[in-house]
Amino acid sequence: MLVIHLSGLLLILPACIQAARILAVFPFPGPSQYINVVPYLKTLASRGHQVTSINAFPQKKPLENFRDIPIPEVFDNYNEIINELNDPMNIWQENNFINKFFVDITRSVLTNKEVTETLLPPGKDQYDLIIVEALRSDAYYGFAAHFNAPIIGISTFGTDWNIDELVGNVSPLSYTPLVTAGFTDRMTFGERVSNFVDTTVAWLNYRLVHMPEQERLYEKYFPIASKRVRLTDLNRNFSLVLLNQHFSLSFPRAYVPNMIQVGGLHISHKPAALPKDLEEFIQGSGEEGVIYFSLGSNVKSKDLPAERRQLMLKTFASLPQRVLWKFEDDQLPGKPANVFISKWFPQPDILAHPKVKLFITHGGLLSTIESIHHGKPVLGLPFFYDQFLNVKRAKQAGFGLGLDHKTMTQQEFKGTIERLVKEPQFAETARQMSDRYRDQPMTPLDTAIWWTEYVLRHKGAYHMRVAGQDLGFFAYHSLDVLGALLGGALLILTISLVILWKIAGFGNSKKKQKKQ
Ligand SMILES: *[C@@H]1O[C@H](CO)[C@@H](O)[C@H](O)[C@H]1NC(C)=O
């Protein structure tokens, strides 16, 4: 056994077995997805594994055992795509849009020069384990068949119907809302209808329109492997799926044994001192404390409509607290004295600061997890994807409130901030959530490393896979059994009726005979 220091805790992980060659595929262009997994990939490298990472945010300094394959192609049109998300769409179009986005990313990976030169030709690089971002990108799961290696999926937002299929997990639609629906686990009848319809449409759209496209890509770029393994067998054969989720952050639910919760994988528990000017600004807030405002890395505060910005500035100016605003320009005209702007803030260290009273956030999952970890109440201003859900959960759990940033008035904004700062139950609930979240046998990062090496130690850990993965649709849902039972019952019913009819008919004819 090897004793190592991770995350400030003394933990015992089994000694790293023979170092493995690991291929990681995380091409998503939004920075928070990669921020979520990079500490995990770096820890694998520090434990002696050779990590090759296909990603859009290569390391600035070279790192031992770590090779980047940068994939800048994924940024083509990224801003237009983010803006297009605000256009009105029906749910079929919405699914088309999202699925096409992932098909494009998948194609960018498989057509990248370094990938085509060093990974795809047979007999070049070799890998013992593939780790992928499991996001409707089936074609690049083909690396597992290509290198004949087990495959692990990571999802940065928890599971959904598509990720469930990789390991045969089940998410009952009655209490597991679609990530994009903005519902909680307790749904009204109407919400359950909507959840059912939305999930079915999402499933059909992927199956009918985009999975065929993924299959074409798979066959084109993995011509040899695709003759051996069908994509539909490959994508039901994941050794492990790691979820950036935890029941203390969302809600309790069931998972198959090879689906593991590692919510907050990215959180480093080593608080660092804040830069001097920031610390002084925070200390200068006196008893009133500080509000931290950041819309994350995708939405830019500077791109907010001028009128919305003005409303926020006026509100902040009227508050007794000081405000830290992540703002991506050097100048903010009309900035009041109690507001400090910066293009970047050491977010975890700010949230850890005792004088910080409130986090005004877009409600991204990483930010939400960080605020829970540090026990801070949130005011959510969601923009897209799972953000509505995260804000709703914060409200349901009682450590936050939400507003619509497009329609809120200055009074509403100010009133909500005041409630969250003044009413003690929000801070108390946030602290309680933090205590529950932190009370785990291993840190999320250690848990992820443990299970990853478990897959390596047990050659793909095939024994964790549920048998349901090998059943067809009818057998899986016991429709064949129901059919057989129903058929049997119908048969018995028919026979009984015939017999009854015969007896009755026989009686009748006897009676008739007697009468005659
Ligand atoms: C599924 O994974 C196991 C373990 O990694 C491997 O032995 C098997 O060949 C895989 N099957 C398919 C169809 O990919």
Side-chain angles (χ1 to χ4, degrees), residues 14 16-26 40-41 44 49-52 54 106 109-110 115 119-120 122-155 159 162-170 206-207 211-212 214-243 255-260 262 448-476:
C16 151
I17 48 139
Q18 226 174 343
R21 296 158 296 182
I22 298 175
L23 175 64
V25 191
F26 288 89
Y40 160 75
L41 298 178
L44 285 171
H49 303 295
Q50 301 288 331
V51 178
T52 299
I54 302 178
T106 310
V109 170
L110 296 176
V115 171
L119 298 186
L120 295 182
K124 280 259 179 153
D125 290 7
Q126 285 302 315
Y127 290 95
D128 310 304
L129 177 67
I130 315 297
I131 304 176
V132 296
E133 175 141 48
L135 256 186
R136 308 189 197 182
S137 311
D138 297 58
Y140 68 57
Y141 307 161
F143 283 119
H146 181 70
F147 293 116
N148 219 348
I151 180 165
I152 294 178
I154 299 192
S155 158
T159 188
N162 184 267
I163 297 162
D164 278 347
E165 287 181 354
L166 307 173
V167 285
N169 194 56
V170 209
Y206 194 66
R207 269 304 144 90
M211 189 60 194
Q214 294 281 356
E215 289 190 314
R216 271 193 290 280
L217 288 173
Y218 175 57
E219 279 156 25
K220 179 162 179 201
Y221 293 100
F222 300 100
I224 302 171
S226 61
K227 290 218 174 58
R228 212 163 24 86
V229 187
R230 285 188 309 174
L231 191 53
T232 45
D233 291 330
L234 188 64
N235 70 6
R236 298 171 73 83
N237 198 37
F238 273 53
S239 290
L240 178 71
V241 168
L242 299 172
L243 302 175
Y255 294 112
V256 292
N258 51 348
M259 195 170 234
I260 303 287
V262 293
I449 300 289
W450 172 287
W451 284 104
T452 303
E453 292 184 346
Y454 182 93
V455 167
L456 285 169
R457 285 194 293 273
H458 300 279
K459 315 261 175 288
Y462 209 49
H463 57 277
M464 284 203 287
R465 191 170 172 269
V466 295
Q469 289 303 78
D470 298 324
L471 294 175
F473 183 84
F474 287 93
Y476 183 87

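For ligands, and for the atoms within them, numbers begin at 1 and follow the listed sequence. This is a predicted model, so every value here is computed, not measured.
Note: Phe147 and Phe143 have parallel aromatic rings, judged against thresholds of 30 and 60 degrees for the angle between ring planes.
In this structure, His49 contributes its side chain and Glu453 its backbone to no donor-acceptor pair below 3.5 Å. The main-chain N or O of Gly168 is never found under 3.5 Å from a side-chain atom of Arg465 such that the two would form a donor-acceptor pair. The backbone N or O of Val132 lies less than 3.5 Å from no partner atom in the side chain of Tyr141, so there is not a single donor-acceptor pair.
In terms of N/O distances under 3.5 Å, ligand 1 is not approached by Ser239.
Looking at every heavy atom in both residues, Asn258 comes nearest to Phe238 through ND2-O, 3.6 Å.
Taking every non-hydrogen atom of Tyr462 and a distance limit under 4.0 Å, the qualifying atoms of ligand 1 come out as 1 (C), 2 (O), 3 (C), 4 (C).
There is no protein heavy atom less than 4.0 angstrom from atom 9 (O) of ligand 1.
Scanning the protein heavy atoms around atom 13 (C) of ligand 1, the nearest turns out to be Val229 CG1, 3.9 Å. At the top of the distance list for atom 2 (O) of ligand 1, counting protein heavy atoms only, stands Asn237 ND2, 2.4 Å.
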